[in-house]
2 protein chains.
Amino acid sequence: MGITKTQHFTEEQNELAVLAKALGHPARIAIIEHLIKVDSCICGDLVNELPLAQPTVSQHLKELKNAGLIKGNFEGASICYCLNEEGFEKIKSFFTLINTYLENRKDQCC
Amino acid sequence: MGITKTQHFTEEQNELAVLAKALGHPARIAIIEHLIKVDSCICGDLVNELPLAQPTVSQHLKELKNAGLIKGNFEGASICYCLNEEGFEKIKSFFTLINTYLENRKDQCC
DNA sequence: ACTATTAATCGTAATATTGCAATATAAATA
DNA sequence: TATTTATATTGCAATATTACGATTAATAGT
């Protein structure tokens, strides 16, 4: 069916899934990494950085923006993107939970 | 085309994307959370926990296993699953990078 | 051996994602 | 205002994902 049974899960679970899903494509990982590398917010030269056509990059940016992982600002004719702290905060607490668990885990059955 | 241009990205980017993608579904988030909660490794009563049919749960478990986020062990007739530390280690370093960047970021343009 | 029990696999329908050419929009500049 | 530049949107083809019924495989207990 290709359709996720969203209603049956908690809001937190759905939120986390949306965030993770947004990071679930190498192009979007590359975008995040590039935004970190150039530090100052960078606009459409991502198209030059990535091995993808402009509409495709635009679409990936949209997904990252929708998920709350990046923000975009108009800067003259172009648009300037940068990381959105909020989105990453939400992921952070999930991984903190996991790391704490893994560090304290004693008996590994598997 | 629905097909990702994997060859054009680095191995690290593809690896991260695979891990993130595996977490990009609320059922799989729920599975991870449940495995943490019950600590001792739990097998097919995940089917009871989740609002999904047994084959669907089995499929989600397979994806988590393929991504390297969980491990499975035979335990009599049933199978015992638990978190695979390795997979989470890889994600961890990525988020450490991001967090370090976000904490030191001075000028937020967006 | 027979029968539950547990979990994986197969087949398939419904839907989502990926990618791009073509086109549209919007601001900057001549 | 016409043109260039920068980005978004549309439409569509190829492929992937999600979900589950039916079936299979494998072990446990009788």
Side-chain angles (χ1 to χ4, degrees), chain A residues 1-9 13-14 17-31 34-35 41-67 70-82 109-110, chain B residues 1-9 13-14 17-31 34-35 41-67 70-82 109-110:
Chain A
M1 292 173 182
I3 189 163
T4 297
K5 291 179 125 185
T6 308
Q7 337 87 39
H8 298 297
F9 298 98
Q13 286 166 342
N14 284 312
V18 166
L19 289 163
K21 196 173 182 178
L23 292 172
H25 192 290
R28 297 196 287 266
I29 295 283
I31 289 172
H34 192 251
L35 288 180
C41 310
I42 280 298
C43 37
D45 51 15
L46 279 164
V47 176
N48 298 321
E49 275 294 316
L50 299 175
L52 298 169
Q54 179 267 320
T56 310
V57 173
S58 190
Q59 197 172 288
H60 284 306
L61 287 168
K62 191 180 174 184
E63 276 176 70
L64 285 169
K65 199 161 61 173
N66 285 342
I70 65 173
K71 286 191 277 189
N73 250 12
F74 284 92
E75 185 144 306
S78 52
I79 290 192
C80 160
Y81 283 106
C82 67
C109 74
C110 306
Chain B
M1 291 174 182
I3 189 164
T4 297
K5 292 179 122 186
T6 307
Q7 337 88 39
H8 298 297
F9 298 97
Q13 287 166 341
N14 283 312
V18 165
L19 289 163
K21 196 173 181 177
L23 293 172
H25 191 289
R28 297 195 287 267
I29 295 283
I31 289 172
H34 193 250
L35 287 180
C41 309
I42 280 297
C43 38
D45 51 14
L46 279 164
V47 176
N48 297 323
E49 276 294 316
L50 298 175
L52 298 169
Q54 179 267 320
T56 309
V57 173
S58 192
Q59 199 172 285
H60 284 305
L61 287 168
K62 191 180 175 185
E63 278 176 68
L64 286 169
K65 199 161 63 174
N66 285 343
I70 64 173
K71 286 191 279 190
N73 251 12
F74 284 91
E75 186 143 307
S78 52
I79 290 192
C80 161
Y81 283 107
C82 66
C109 74
C110 306

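Just the heavy atoms: all of them, side chains too, but no hydrogens, waters or symmetry mates, feed the values below. The sequence lines fix the lettering, A, B, ..., with proteins before strands; numbering per chain opens at 1.
Legend: residues meeting side-chain contact (heavy atoms from CB on, under 4.5 Å) with B:Ser78, ordered by chain and number and at least two apart, are B:Cys43. Residues forming a side chain to side chain donor-acceptor pair (under 3.5 Å) with A:Glu63 (at least two apart in sequence, or on another chain): A:Arg28. Not counting sequence neighbours, the partners of B:Ala30 by the side-chain contact (heavy atoms from CB on, under 4.5 Å) test are A:Phe9, A:Gln13, B:Leu50. The side-chain contact (heavy atoms from CB on, under 4.5 Å) check on A:Ala53 picks up A:Pro55, A:Thr56, with sequence neighbours excluded.
In this structure, the side chains of B:Cys82 and B:Ile70 stay at 4.5 Å or more apart for every pair of heavy atoms. Looking at heavy atoms from C-beta onward, A:His25 lies out of side-chain contact with B:Lys21 at the 4.5 angstrom threshold. When side chains are defined from C-beta on, A:Leu19 does not count as touching A:Leu23, because their heavy atoms never get closer than 4.5 Å.
How far CG of A:Leu46 is from OG of A:Ser58: 10.5 Å, rounded to the nearest 0.5 Å.
Considering every non-hydrogen atom in both B:Phe74 and B:Ile79, the closest pair reads CE2-CD1, 3.6 Å.
Between the CZ atom of B:Phe74 and the P atom of D:dA25 there is a distance of 14 Å, rounded to whole Å. Put simply, CG on A:Asn48 is 14 Å from P on D:dT5, counting in whole angstrom units. Between the C1' atom of C:dC20 and the NE2 atom of A:His60 lies a distance of 11 Å, rounded to the nearest Å. Atoms CG (B:Asn66) and C1' (C:dA8) sit 13 Å apart, rounded to a whole Å. The interatomic distance linking B:Leu64 (CG) with C:dA7 (P) rounds to 16 Å, in whole Å. Whole-Å rounding puts the A:His8 NE2 to D:dC20 P distance at 8 Å. To the nearest angstrom, P of C:dA7 lies 12 Å from CD1 of B:Ile31.
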Set out, line by line, the N/O atom pairs under 3.5 Å between protein and nucleotides 6-10 of chain D.
residue, atom, partner, partner atom, Å
D:dT7, OP1, A:Gly44, N, 3.1
D:dT7, OP1, A:Ile79, N, 3.0
D:dT7, OP1, A:Ile79, O, 3.4
D:dT7, OP2, A:Gly44, N, 3.4
D:dA8, OP1, A:Tyr81, OH, 2.4
D:dA8, OP2, A:Ser58, OG, 2.8
D:dA8, N7, A:Gln54, NE2, 2.6
D:dA8, N6, A:Gln54, OE1, 3.0

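Across residues 23-30 of chain A, not one residue has a non-hydrogen atom less than 4.0 Å from an atom of DNA chain D.
Phosphate contact (OP1/OP2 of D:dT17, side-chain N/O of B:Lys21, threshold under 4.0 Å): present.
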